[in-house]
Each structure stands twice: as structure tokens, then as C-alpha cells.
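What follows is a single structure, written as C-alpha cells, with notes after it.
Throughout, a chain's letter reflects where its sequence line sits, starting with A, and its residues are numbered from 1. Computed from heavy atoms alone, side chains included, the values below leave out hydrogens, waters and symmetry copies.
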Number of protein chains: 2
Amino acid sequence: MQEKSPRPYHHGDLKRVVIETAQAMLQEEKGWQFTLREVARRAGVSHAAPYKHFPDKSALLAELATLGFDQLHREVDGTSGRHARASRTEFVAAAKAYIQFGTANPSLYRLMFSADVDKKAFRTLDEAAAGAFAVLTGILERGQDSGALKKQPVRAQAAATWALLHGFTLLAIDGQLLPDKVGAKPIDAVLTSLLEGLAS
Amino acid sequence: MQEKSPRPYHHGDLKRVVIETAQAMLQEEKGWQFTLREVARRAGVSHAAPYKHFPDKSALLAELATLGFDQLHREVDGTSGRHARASRTEFVAAAKAYIQFGTANPSLYRLMFSADVDKKAFRTLDEAAAGAFAVLTGILERGQDSGALKKQPVRAQAAATWALLHGFTLLAIDGQLLPDKVGAKPIDAVLTSLLEGLAS
DNA sequence: CCACGCATGTTGACACTGTCAACACATGTT
DNA sequence: AACATGTGTTGACAGTGTCAACATGCGTGG
């Protein structure tokens, strides 16, 4: 039987394949502490080929994080869009979507906030992060407009909301929210508590 | 003039010097992404000498993180000790000490929660982290006992408190709490809000 | 259709890393 | 004094990230 021809010299779509290979490796035990050479091996190209698509390894990691923020943005926006006229429900739905995103994608979520991706160095990443964050401020603004939430600097409310969601997401990822220790519905409880502090 | 003798073959206190050198390097731009060889060079020994005191690089990083948790524990405990009979004041003082620790030691704080130190792999580290966390649960327990805080699973309250403090500490470290955006006293505001949710 | 420019591959090299084994030196103990 | 142990050094290894030079192929214009 005739052996299959090797891949033509020009891959044609190598950037996407490198990204997808890296995303797959992110799910493995080492998370994003893979090597670029191993990504290239799995993508079936030479060790230097990714350098034609990414200036360096940190650029690939930034790309992964950017895609993560974009996905987080879509998931949080998607839930809040369905509840746009009910501030409290909108808020809770968005918050749960946030935590759900983190627990469904623990390595990606951690990468997004890791020291290995520098938002100051990658403009697209910084914008993606800001965009995801803006969903929160949008929900809080609508809550204030509707009278459901206190009139306060919305960035302060957003900071408090993000801080709690982020910390809780990390606890959820680390398996620290055991029902026998924190009660049956820790996420509901914490969101209720947060809303008590934010509500008019 | 007689030249100074080189260091004797036996350093005598190399482990401590390696740790202190690494702590100093933690304050530099690369944070904990230094190399062990560079630590050894600055400590004035060969590249393999640290391997007589640490099984590998991650053990050194775990040691730094452990010392960080111990210091955090002392600082949070110290403030709450001075307010042990006034739950609300005790809580606020401890919370501010927590955030202050993080903003005073940004790289160390980030290392403590980084993927580069694995609490499951280092028992002393895990215990130090648990000890620091236990200060929070102790404060909350005393608050519940005194009637100042709701009777709830204390671990749930601790989870919510830690989540908020951790997230806020990261925002403070990243310079995201600008007064013109979040108001003049964001930390006071967020702690007040948190206490509203926790208080009886 | 051909030539050129560009995109995007490969090869090979470099400096460096983490880590290990074997050895060297010094200390402590019997 | 001899031995065991602790703790240094030297040298090596396998691997990394990244770069330069070259190789291949695609797209475009004449």
C-alpha cells in the first residue's frame, strides 16, 4: 500500500493548529508550563516554526489568555442578556456564569491571571480582559439605573464584585467549597451576601 | 596589602543565604522567575550547591511561599490580637492587615498563590497556608460567639471573606483601585459591604 | 508564464537552564 | 586516627527558548 504523503512544506494553517495544540496541552497536568518545542512536535512541525507566527512563547500564552477572556465575556454576557430587565436575576446569572467558566476551565482561568501573561505587554489581552470586566460594570450600571442597586461609584461596586467572584472561583477550582464545610449552596449564599451589600 | 581570603570551603549557613538571596531577587522585575543558577552565583557558590539544601527549584519557591504565609499569619494575627474583644473592629483590622501585606509584598503574595508552588506537594507550605487561613476563621468564630456575626457555617463566611480579600488584594497590587474610579476609601467601603452581609 | 517578493517552513547553532553523579573538603563522632 | 556524614565543587547531560541562514512555495504583477 502506498504510504501517505507527508504534510506539504507549507502547513497552511499552522497558527491555528499551534493555538489548538497549546489549548489541548493546557488541559494536561503541567497546565501552561508546557514547552514550545513540545507544542511544535505535536503540531508536526520543526521547533522553530511557531516563531513565524508568535514572536515568543509568552505571546502564545497571551493569545491563549486572550481567547479565554473572550470566551468568559461571551458566557457572562450571554446569561446576563437573557435577564436584562431583572437586575438581581441578571446579576446572579452572570456571577454564576463567571464561576462556572472558571471551574469548567481551571487551567485556562489560572493562566488568565498568571504572572506568565503580562497584560501591559499585550494590548489585545489587556483589551479582552477589560471587555470581560466591562460586562460586570454594565450589569451594575443597569442595576443602579433601575434602582435595584445603590448609587455608588460603579467601579467600586465592580471591584468588590470581581474580587469576590475571582476569589470564589479559585476556591471552587481548588475544591475548597465542600458542602459539609461551607454549606450546600455556597455560591448562592455568597452572592446573596454580596447583593445585600450592594442593594439599595 | 594582603588580599582577603576567599570564603572557606564550607559556607556554614548556605541554606539561609540562598533563601535570603532568593527573597531579594523576588523583589526584582522577574519576580520568582529567577534561575537557581543565578541565585547560586549571587550567593557566591557553585550552581549545584543549593541542591544540597533543596531537592529542587520548586522546593525553594515553596520555602519562600511558606515564609510568606507565616509572615501573613503573624501580621493578621497581630492586628486582630489587639482588638480581640471588638469583633467588628477586629475583623476590619485583620482584613486591612491582609490587604496591606499583599500590597507591601506583591511578588511574594503572587508567588504564594501561583501555580509554581504546589501546596499538595509541600506539607509545610500547606500547613502554613492553612494556619494563615485559620486566623480568619478564628475571628469569624469569635464574631459569631459574640453575636456580632450571623450564625452560619463559619467556613462559608471564611470562604467569602477570603475570596473578597484575595481579589481586592490583587486589584490593589495591580493598581486598579484608583480613587477617581473607585472612590477615596475602596477598602473601607468593601469591608463595610462585606460586614453588612455577614452581620447579624 | 516567469520572476520576484513575501510568507512560512527547516536546519543548525548558541547560551542557558535544571538536575545529577562523582569527587573534594571539612566536620563530627567513636 | 579512622570513618561517616554533611556540604561543597566540577563536569556532564538533556532539554529549553530563541535566532540566523537557508529552503520551499504561494501570490502578484508584468
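Using a 3.5 Å distance cut-off with no hydrogens or angles, the side chains of Ser146(B) and Ser87(B) do pair a donor with an acceptor. Residues Asp116(B) and Gln33(A) have side chains that bring a donor and an acceptor to within less than 3.5 angstrom of each other.
Note on Arg7(A): a side-chain N or O is less than 4.0 Å away from OP1 or OP2 of dT10(C). For Lys57(A) and dG17(D), the shortest distance from a side-chain N or O to OP1 or OP2 is below 4.0 Å. Here Arg37(A) does not reach the OP1 or OP2 of dA14(D): none of its side-chain N or O atoms lies under 4.0 Å away. An OP1 or OP2 oxygen of dG9(C) is reached within less than 4.0 angstrom by a side-chain nitrogen or oxygen of His53(A). Taking only side-chain nitrogens and oxygens, Thr35(B) comes nearer than 4.0 Å to OP1 or OP2 of dT17(C). Applying the 4.0 Å criterion to OP1 and OP2 of dT18(D), one finds that Tyr51(A) has a side-chain N or O inside that range.
Regarding Tyr9(B), its OH atom lies at a distance of 8 Å from the C1' atom of dC23(C), rounded to whole Å. In this structure, the CG atom of Asp13(B) is 16 Å from the C1' atom of dT27(C), given to the nearest Å. Counting to the nearest Å, the C1' atom of dT7(D) and the CG atom of Leu14(B) are 9 Å from each other. Between Arg16(A) atom CZ and dT8(C) atom C1' there is a gap of 16 Å when expressed in whole angstrom units. The nearest whole Å value for the distance from the CZ atom in Arg41(A) to the C1' atom in dT10(C) is 15 Å. Across the protein-nucleic acid pair, Asp116(A) atom CG and dT16(D) atom P stand 17 Å apart, rounded to whole Å. The interatomic distance linking His47(A) (NE2) with dT18(D) (P) rounds to 12 Å, in whole Å. If you measure from atom NE2 of His11(B) to atom P of dG6(D), you get 19 Å, rounded to the nearest angstrom.
Annotation: of the two residues near DNA chain D, Lys52(A) and Asp56(A), the 5′-most nearest-nucleotide partner is Asp56(A). In this structure, His10(B) and Glu38(B) both approach DNA chain C, and ranking their closest nucleotides by distance from the 5' end singles out Glu38(B). Nearest-nucleotide assignment on DNA chain C puts the 5′-proximal partner with Ser46(A), out of Ser46(A) and Leu36(B).
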- Query: Going through the checks in order, is the ring-ring contact (aromatic ring centres under 6.0 Å, His included) test met by His166(B) and Tyr109(B)?
  - Reply: CA-CA 10 Å; His166(B) 180 67; Tyr109(B) 189 79; 5.5 Å; yes
- List the steps and the verdict of side-chain contact (heavy atoms from CB on, under 4.5 Å) for Leu108(B) and Gln71(B). CA-CA 11 Å; Leu108(B) 176 59; Gln71(B) 187 186 345; 4.2 Å; yes
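Across Lys151(B), Gln144(B), Lys150(B), a single residue satisfies side-chain hydrogen bond (donor to acceptor under 3.5 Å, both in side chains) together with Gln157(B), and that is Gln144(B).
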